[in-house]
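Right, one structure below, let's go through it.
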Amino acid sequence: MLTKAIKGVKDILPQDVARWQAVERAARELFKVYGFSEVRVPIIEHTVLFTRSIGTTSDIVEKEMYAFTDRGGDEITLRPEGTAGVVRAFVEHKMYATNPITKIFYMGPMFRRERPQAGRLRQFHQIGAEVLGGAEPSVDVDVLALLYDFFQRLGVQGVALQINSLGCKDCRPRYREALKSFLDARRDMLCEDCQRRIETNPLRALDCKAAGCKVATADAPDMSEYLDDGCRDHFAAVRQGLDDLGIVYSINKRMVRGLDYYSRTTFEMVATDKAGAQNAVAAGGRYDGLVEELGGPSTPGIGFAMGVERLILMLPEDGTPAPGPALFVAALGDEAQRLGRRVAHGLRKSGVWAEYDYAGASLKSQMKKADRSGASRVLIIGEDELAKGVGILRDMKTKEQAELPLEGITGELVKRLS
RNA sequence: GUGAGUGUAGCACAAUGGUAGUGCACCAGAUUGUGGAUCUGGGCGUUGUGGGUUCGAGCCCCAUCACUCACCCCA
């Protein structure tokens, strides 16, 4: 072979596409009911869009972006996530001017140059939703309800919704400082990474899997005690709303998000079994400062993204075989084959899936192809039938056969098969 | 970026250092105009690649590449 697919990117083969389409269809239907419109934004953007929005200290920006200088000297990046591009489009097209609230969703590939493993690819796909313009707790509830509904609708088992509040730009720094001094006092108990995180991203230490760090942070200060009144009320109202709607969730005080722009409500849909070590199937949160950061008017926002590959790993197995054509035409001899081709073509024009044998080998081999195609019926036209002016319609399941006059046979088949 | 595991036919897997095999799938025949089941026959291959040890390497050693899983990170 000359070359293979690039490491960490996958072909989605025909036998897998049905599952993808089922997921995408379910998403489109549900988003519509919640009043979201689809948006399609480019998969390449100016690099600065991501460095600005995601935060320069995040791993994504530091070492995972597919960033390059194009032939004209522009700094370009393949999008590593979807929110930044959507917000850019929101600002660029002044969507805030036509509607106080904009609810949009997107789906498509994202790119991060990581070491691939189960549920982690270099090109992966996300379905995401964003609400721009609403700061009320009800908006958070709506977004969470949408996410929750989606997993229920797909019948995904073994996932749990976790939420947390990270506070805002006013109260989070206070917590951050408190946590920093707490961690600093236990520096020698922490892993190397977390020692570094004390300065760069202390919140991350709460999420560290290292045994020593877990012990060291067991009685770390609690964000919920540092929330200011606004954030505390907001979080309480969100929880109230979720309870009202019967949405099952738990509060994970240690949930931190990797992207800098999050504030207040954050959440994850985590896999409780399967899916390997990469157990975040969907995640998101509020990002009230992002629109302004990207040059738009001060506009609150909240959204989430689901990893489609991870989601599909969780989906119940679908045992139903792929459907086959309504009719397969097996014809013997030149004249019969030409007739068969016309019949198949006529059925197709009427919207009926029909196949015919291209090679025109023995009847046995044509029957074999018909069987393998999954066709429910076969039209057999041999020399004898041609002479008699009939075709044999065979039901592949019951093996019943009936003669049909060739005169007007296409119309008759359309009637019977559609 | 770090670590571990695995590379044999299209797929799934065997083979105490001594002639590379089994199942599935594929093709043909048994059935000269009727698919699936059964039986019979057929081709399955530079054992990932390159070196080394050995009379002899799929097996041992080294390197390299690929894949997988985990760390990290994250959807």
Side-chain angles (χ1 to χ4, degrees), chain A residues 1 3-8 10 54 57-65 79-83 107-129 147 159 191-194 196-197 201 204 207-210 255-259 262 267-271 275-285 303-314 321 324 328 330-333 336 357 360-386 392-401:
Chain A
M1 206 167 31
T3 61
K4 305 202 304 168
I6 291 167
K7 182 199 283 278
K10 286 267 188 285
I54 298 171
T57 60
S58 76
D59 276 30
I60 293 176
V61 170
E62 264 181 45
K63 48 202 184 196
E64 294 176 359
M65 293 203 309
R79 63 181 184 192
E81 56 97 36
T83 301
M107 43 183 75
M110 306 293 162
F111 304 85
R112 293 181 199 171
R113 199 182 182 292
E114 302 183 87
R115 198 73 171 258
Q117 70 183 72
R120 191 172 76 185
L121 299 166
R122 289 184 174 181
Q123 175 178 339
F124 61 102
H125 296 76
Q126 288 188 337
I127 298 175
L147 180 64
V159 289
C191 70
E192 253 181 63
D193 287 327
C194 283
R196 188 168 39 79
R197 284 172 183 141
N201 188 1
R204 261 293 285 139
D207 200 33
C208 186
K209 285 169 194 154
M255 184 173 68
V256 295
R257 310 281 22 268
L259 282 46
Y262 288 113
F267 51 91
E268 282 186 10
M269 193 63 85
V270 298
Q278 307 300 321
N279 66 349
V281 186
F304 66 78
M306 307 185 269
V308 179
E309 283 86 355
R310 290 183 186 180
L311 177 61
I312 284 177
L313 284 177
M314 312 272 324
F328 189 100
L332 295 168
D357 190 77
S362 68
L363 182 58
K364 182 189 175 76
S365 87
Q366 293 195 43
M367 290 299 294
K368 207 164 183 173
K369 282 180 205 168
D371 184 45
R372 206 172 302 183
S373 76
S376 45
R377 278 151 217 252
V378 178
L379 178 67
I380 300 167
I381 311 172
E383 322 247 313
D384 300 348
E385 286 75 27
L386 207 56
I392 298 172
L393 184 63
R394 177 182 176 85
D395 186 309
M396 291 298 270
K397 206 167 250 158
T398 65
K399 300 186 185 184
E400 278 170 47
Q401 299 195 164

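In what follows, chains carry the letters A, B, and so on, assigned in the order in which the sequence lines appear, proteins first and then strands, with residues in each chain numbered from 1. Below, all heavy atoms of this structure are taken into account, side chains as well, without hydrogens, waters or symmetry copies.
- Not one N or O on the side chain of Gln123(A) forms a donor-acceptor pair closer than 3.5 Å with the backbone of Gly8(A).
- If you check distances only, the side chain of Arg115(A) never reaches the base of rC69(B) with a donor-acceptor pair under 3.5 Å.
- Within the nucleic acid shown, Lys369(A) has no heavy atom closer than 4.0 Å to any nucleic acid atom.
- Rounded to whole Å, the C1' atom of rA66(B) lies 7 Å from the corresponding atom of rG48(B).
- You'll find the side chain of Lys397(A) stays beyond 4.5 Å of the side chain of Arg377(A), heavy atoms only.
- Using a 4.0 Å cut-off, some side-chain N or O of Lys10(A) falls inside it from OP1 or OP2 of rU68(B).
- When the nearest nucleotides of RNA chain B are assigned to Ala5(A) and Asp371(A) by heavy-atom distance, the more 5′-ward of the two goes with Asp371(A).
- Taking atom CG of residue Asn279(A) and atom C1' of nucleotide rA70(B), one finds them 14 Å apart after rounding to whole Å.
- With salt bridges taken as basic N to acidic carboxylate O contacts below 4.0 Å, one links Arg120(A) and Glu114(A).
- Residue Gln366(A) places no side-chain atom within donor-acceptor reach of the base of rG33(B), judged by atom type and a 3.5 Å distance cut-off alone.
- Here the separation of rG21(B) from rU38(B), taken at their P atoms, is 25 Å to the nearest Å.
- At the phosphate of rC71(B), OP1 or OP2 sits under 4.0 Å from a side-chain N or O atom of Gln117(A).
- Residue contacts for Glu309(A): at a heavy-atom cut-off of 4.0 Å it reaches no nucleic acid atom on any strand shown.
- When rounded to the nearest whole Å, the span between CE of Met396(A) and C1' of rA37(B) equals 14 Å.
- One cannot find a donor-acceptor pair under 3.5 Å joining the base of rG35(B) and the side-chain atoms of Arg372(A).
- Nucleotides rG23(B) and rC44(B) place their P atoms 15 Å apart, quoted to the nearest Å.
- Atom P of nucleotide rG1(B) and atom CD of Glu114(A) are separated by 13 Å, given to the nearest angstrom.
- Phosphate proximity of rU31(B) to Lys364(A): absent, as no side-chain N or O sits under 4.0 Å from OP1 or OP2.
- Side-chain contact between Pro116(A) and Lys7(A) is present, with at least one heavy-atom pair separated by less than 4.5 Å.
- With both ends at atom P, the span from rG5(B) to rC61(B) equals 12 Å, rounded to whole Å.
- Comparing rU8(B) with rU46(B), their C1' atoms sit 12 Å apart, to the nearest whole Å.
- At the heavy-atom level, Lys63(A) lies nowhere under 4.0 Å from the strands shown.
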* Asked: In dot-bracket notation, what is the pairing pattern of RNA chain B, taking Watson-Crick (N1-N3 plus N6-O4 or O6-N4) and G-U wobble (N1-O2 and O6-N3) contacts under 3.5 Å, with [ ] crossing and | for other strands?
  -> (((((((..((((....[..)))).(((((.......))))).....(((((..]....))))))))))))....

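- In the interface, the side chain of Lys399(A) is paired with the base of rG36(B) through a donor and an acceptor atom under 3.5 Å apart.
- Under the side chain to side chain contact (heavy atoms under 4.5 Å, CB included) test applied with Gln401(A), the options Leu393(A), Val378(A), Ile392(A) reduce to a single match, Ile392(A).
- Positionally, the nearest nucleotide of RNA chain B for Ile381(A) lies more toward the 5' end than for the other of Ile381(A) and Arg122(A).
- When heavy atoms are screened at a 4.0 angstrom cut-off, Glu81(A) is found touching no nucleic acid atom at all.
- Two residues are said to be in side-chain contact when any heavy atoms from C-beta on lie closer than 4.5 Å; Ile127(A) and Val308(A) meet this criterion.
- Comparing the same atom, C1', in rA37(B) and in rA4(B) gives a spacing of 46 Å after rounding to whole Å.
- In this structure, Ala282(A) reaches the sugar-phosphate backbone alone: every heavy-atom distance under 4.0 Å involves primed, P, OP1 or OP2 atoms, never a base.
- Distance from the side chain of Lys368(A) is smallest for rC27(B) among the nucleotides rA66(B), rC27(B), rA70(B).
- Separation of the C1' atoms belonging to rC13(B) and rG18(B) is 23 Å when rounded to the nearest angstrom.
- At least one side-chain heavy atom of Arg112(A) sits less than 4.5 Å from a side-chain heavy atom of Phe124(A).
- Heavy atoms of Ile392(A) sit under 4.0 angstrom from at least one base atom.
- Between the CZ atom of Arg394(A) and the C1' atom of rG36(B) there is a distance of 10 Å, rounded to whole Å.
- Taking each heavy atom of Ala330(A) and Leu363(A) in turn, the nearest pair found is CB-CD1, 4.0 Å.
- Nucleotides rG58(B) and rG45(B) have their C1' atoms positioned 12 Å apart, rounded to a whole Å.
- Under 3.5 Å, the side chain of Arg120(A) and the base of rC72(B) form at least one donor-acceptor pair of N or O atoms.
- Looking only at side-chain heavy atoms (C-beta outward), Asp371(A) and Phe328(A) stay at 4.5 Å or farther from each other.
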